[in-house]
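Heads up: the structure comes next, in structure tokens.
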Number of protein chains: 2
Amino acid sequence: MTKGKKKNTTIRDVAKKAGVSVASVSRYINQNAPLSTSISIKIQAAMTELNFVPHIMARRLATNKTNTIGLLVADLYGDFFPPMFHGIESVTGEAGFDLLISSSARTGPRTEFPSSLGPHNTDGMLVFWDSLSEAGLHQAYERDFPIVLIHQSPPDKMSIPCVTVENKAASRRIVEHLMEAHGRRRIVFLRGPDHNEDSYWRETGYRQALEMRGIPFDAELVAPGEFDRAVAEQSIRNLLSRGIVFDAVFACDDESAAGVYSALYAAGRTIPNDVAVVGFDDQRFSAYINPPLTTVRAHTEDVGRIAARQLLQIIHDGTADSLTLVPTEIVFRQSCGCNP
Amino acid sequence: MTKGKKKNTTIRDVAKKAGVSVASVSRYINQNAPLSTSISIKIQAAMTELNFVPHIMARRLATNKTNTIGLLVADLYGDFFPPMFHGIESVTGEAGFDLLISSSARTGPRTEFPSSLGPHNTDGMLVFWDSLSEAGLHQAYERDFPIVLIHQSPPDKMSIPCVTVENKAASRRIVEHLMEAHGRRRIVFLRGPDHNEDSYWRETGYRQALEMRGIPFDAELVAPGEFDRAVAEQSIRNLLSRGIVFDAVFACDDESAAGVYSALYAAGRTIPNDVAVVGFDDQRFSAYINPPLTTVRAHTEDVGRIAARQLLQIIHDGTADSLTLVPTEIVFRQSCGCNP
DNA sequence: CTTTAATATGTAACCGGTTACAGAAACCGG
DNA sequence: CCGGTTTCTGTAACCGGTTACATATTAAAG
């Protein structure tokens, strides 16, 4: 429209128009070397006149920095992602970094280090649970590409910083609450996916609570939840039909707690009178369901914020904390028997 | 560790080692020109031996293509984003494009065309409602940078493709349902934010339904919902305390429907017997609340998919549909009085 | 008023790919 | 066996910034 010519205006055009050298223009743009005011003015004038926009890729090629960080996620199920993203974005944005997202939903956990997120394209990468295989991680680790793991601790031998939430203590406390405040004794635990660490620690907390109360662990009371509503519902149905007695359920996450509700409701059991139910995560719907779910709140936004900060720090000076546990807190609603 | 030398291995190193020209190596990598097998083999050998990884930024500088598309969102409230993202990612990923995300949550709607998402850094951009000011849009439009709008139609004078959901017909039908199937007459409408288009069309559908039934529009029955639980709750409280009579509520979105539930519950009114309630969006919690909410399902994932496809098409050949309306469907649950 | 040190600019060589163009090799019909 | 294609391969000039180093300018010192 305007000029007719396809050519981009470059730093050299600006230099010519301002009657100075390209180096000066570059220095003016980056403000990284002293420059006389008279020259600065001329450059500024030329730049605005030519409507000059520096070519980011050229800069990146020359400096070998991308000012971009990569985000590798498995899938965006649940209410998990938005707050996490919000946390991450708030710190990366502040620091002037772009965010490149890649989901492995289509492909399953990447077995290869994803080239689109690797060096040359990002300065570092945030890796969520289940998004990158151990082999893929290893590739990144070897070239010591900056990485921080989220909700996943590093495999043996690799020391990669990790940030996740405090699972065990909160789980222990919520189960203790069921026992102490509401006198429950036969508490079902609904597991998460097999190698999920959150699930592992939540189960550990559950077992510790039993142990402290001298209640023997009963394998019959543990069933799959898979972080999935339908699976959890089926598990509870099974327990019920097999005549197994229980007076409470600790669901590994709120999603499966919702499944518990359905199964219990269908069987005519009331919550919390017949069976108390508690979950983990404090998803958005948890406050709305009936009765409102007692659960553990994970400050997911903080997790994102902290992870991003760690990554920036690695990129900047190579240091980071090897493990950060973000505190969790129990939110007492009605499904456990409180606030009747 | 390995070599001790900092230098990256480049295409020239590969060429030298394979005893061929850089052009051949480039052609081998891109498979864009015939190459004798003998040469191909030598190059492949050299590449694996040197562990060569092409430098993406160099390629981008040379080709002036980024293979990246930008995603500009306001904030990631609600259940809105994950499915949308999923849809987008599925098509961009398939096409080999990266996704650069920028949220304007920290800053409010961008008034400037965000340089990090602009030309040089992305090949095109998906813009959500409320994320970019009209001025910002205009800048992009002038340089005819590929854009498609999501849930927002272009301001006057600019013809930018847009994809959103069908709001009006579904709204009309759900209100008609309230009238015909359940005999409701005094139906409250809870508005969304002021200049939100979804809200506008939903209200239009509401009015049409009234009109077709010969029921006069009553301004007293329209109150703010703002897509916000608390605001909606307060609005219903007000109506109630002012003694305004109504037998149904059409909430502009499910979030505000949840607020309606609270207000009604607090006032001792039952749903759907005293007041029928319907919403819009079919958020995740809507099936879980009590009673399950009758609402309109928007196929958000499709919106994302279609928008992404449109954008790729613009990038590819410059063409696109100026408006795509993704169909919606009513899901009948219990809050309207169905399935008792 | 030189001599020397400090500072501001400019020149040109990078960064690591792509690709227009030209030259070489292989193929083909007559 | 020769000119005319057709198909491969190589050279070198880009893409648009940054920056080490050299040079011009100016200030400080002697």
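All of these numbers come straight from a predicted model, not from anything done at the bench. Residue numbers begin at 1 in each chain, while the letters A, B, ... track the order of the sequences.
- A donor-acceptor pair under 3.5 Å links the side-chain atoms of B:Ser131 to the main chain of B:Leu72, judged by distance alone.
- A donor-acceptor pair shorter than 3.5 Å can be found between the side chains of A:Glu197 and A:Ser153.
- One atom, CE of A:Met47, and another, P of D:dG16, lie 17 Å apart when rounded to the nearest Å.
- Rounded to an integer number of Å, the gap from CZ of A:Arg59 to C1' of D:dG16 is 11 Å.
- When the nucleotides D:dG17, D:dT11, C:dG17 are ranked by their closest atom to the side chain of B:Pro54, C:dG17 comes out on top.
- Rounded to an integer number of Å, the gap from OH of B:Tyr28 to P of D:dT9 is 13 Å.
- Put simply, B:Ser26 has no side-chain N or O that comes within less than 4.0 Å of OP1 or OP2 on C:dG17.
- Residue contacts shown for B:Leu35 are limited to sugar-phosphate atoms, with no base heavy atom under 4.0 Å away.
- Within 4.0 Å of B:Arg60, counting heavy atoms only, lies no atom of the nucleic acid at all.
- Using a 4.0 Å heavy-atom criterion, one finds that B:Val20 contacts the sugar-phosphate atoms exclusively.
- For the pair B:Met57 CE and D:dT18 C1', the interatomic distance rounds to 16 Å; values are reported in whole Å.
- Side-chain nitrogen and oxygen atoms of A:Ser21 include none within less than 4.0 Å of the OP1 or OP2 phosphate oxygen of C:dT11.
- Distance A:Ile43 CD1 to C:dG10 C1': 12 Å, rounded to the nearest Å.
- Each of B:Asn64 and B:Ala23 was assigned the nucleotide of DNA chain D with the nearest heavy atom; the assignment lying further toward the 5' end belongs to B:Ala23.
- Atom pair A:His55:NE2 and D:dC14:P shows a separation of 17 Å (rounding to whole Å applied).
- Side-chain N or O atoms of A:Tyr28 include none that pairs as donor or acceptor with a backbone N or O of A:Ile41 at under 3.5 Å.
- Taking 4.0 angstrom as the limit, A:Asn8 places none of its side-chain polar atoms (N or O) nearer than this to OP1 or OP2 of D:dC15.
- Among the nucleotides C:dT19, D:dG16, C:dG17, the one closest to any side-chain atom of B:Thr10 is C:dG17.
- Considering only side-chain N and O atoms, A:Thr63 lies nowhere under 4.0 angstrom from the phosphate OP1 or OP2 of D:dG17.
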Next on the checklist: With side-chain hydrogen bond (donor to acceptor under 3.5 Å, both in side chains) as the criterion, how do B:Asp321 and B:Gln310 come out once you've worked through the C-alpha distance, each side chain's angles and the decisive distance to 0.1 Å?
Outcome noted: CA-CA 7 Å; B:Asp321 305 330; B:Gln310 293 283 337; 3.1 Å; yes
Next on the checklist: Test salt bridge (Lys or Arg N to Asp or Glu O under 4.0 Å) on B:Arg305 and B:Asp302; report intermediate values, then the result.
Outcome noted: CA-CA 5 Å; B:Arg305 221 188 324 262; B:Asp302 288 342; 2.8 Å; yes
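- Note on B:Ser24: a side-chain N or O is less than 4.0 Å away from OP1 or OP2 of D:dG10.
- Between B:His86 and A:Phe81, a ring centre-to-centre spacing not shorter than 6.0 Å is recorded.
- Between B:Ile56 atom CD1 and C:dT18 atom P the separation is 11 Å, expressed in whole Å.
- Closest to the side chain of B:Ala62, from the set C:dG16, D:dA12, C:dG10, is C:dG16.
- For B:Arg27, counting side-chain heavy atoms from C-beta on, the closest listed nucleotide (D:dA12, C:dG16, C:dA20) is C:dA20.
- At whole-Å resolution of the value, NZ in B:Lys42 and P in D:dT9 are 9 Å apart.
- Between A:Ser38 and B:Ile11, the residue anchored nearer the 5' end of DNA chain C, judged by the nucleotide with its closest heavy atom, is A:Ser38.
- At a threshold of 4.0 angstrom between heavy atoms, the contacts of B:Asn30 are confined to the sugar-phosphate backbone, with no base atom among them.
- An OP1 or OP2 oxygen of D:dT9 is reached within less than 4.0 angstrom by a side-chain nitrogen or oxygen of B:Ser36.
- Within the 4.0 angstrom heavy-atom criterion, only backbone atoms of the sugar-phosphate kind lie near A:Ile39; the bases stay farther away.
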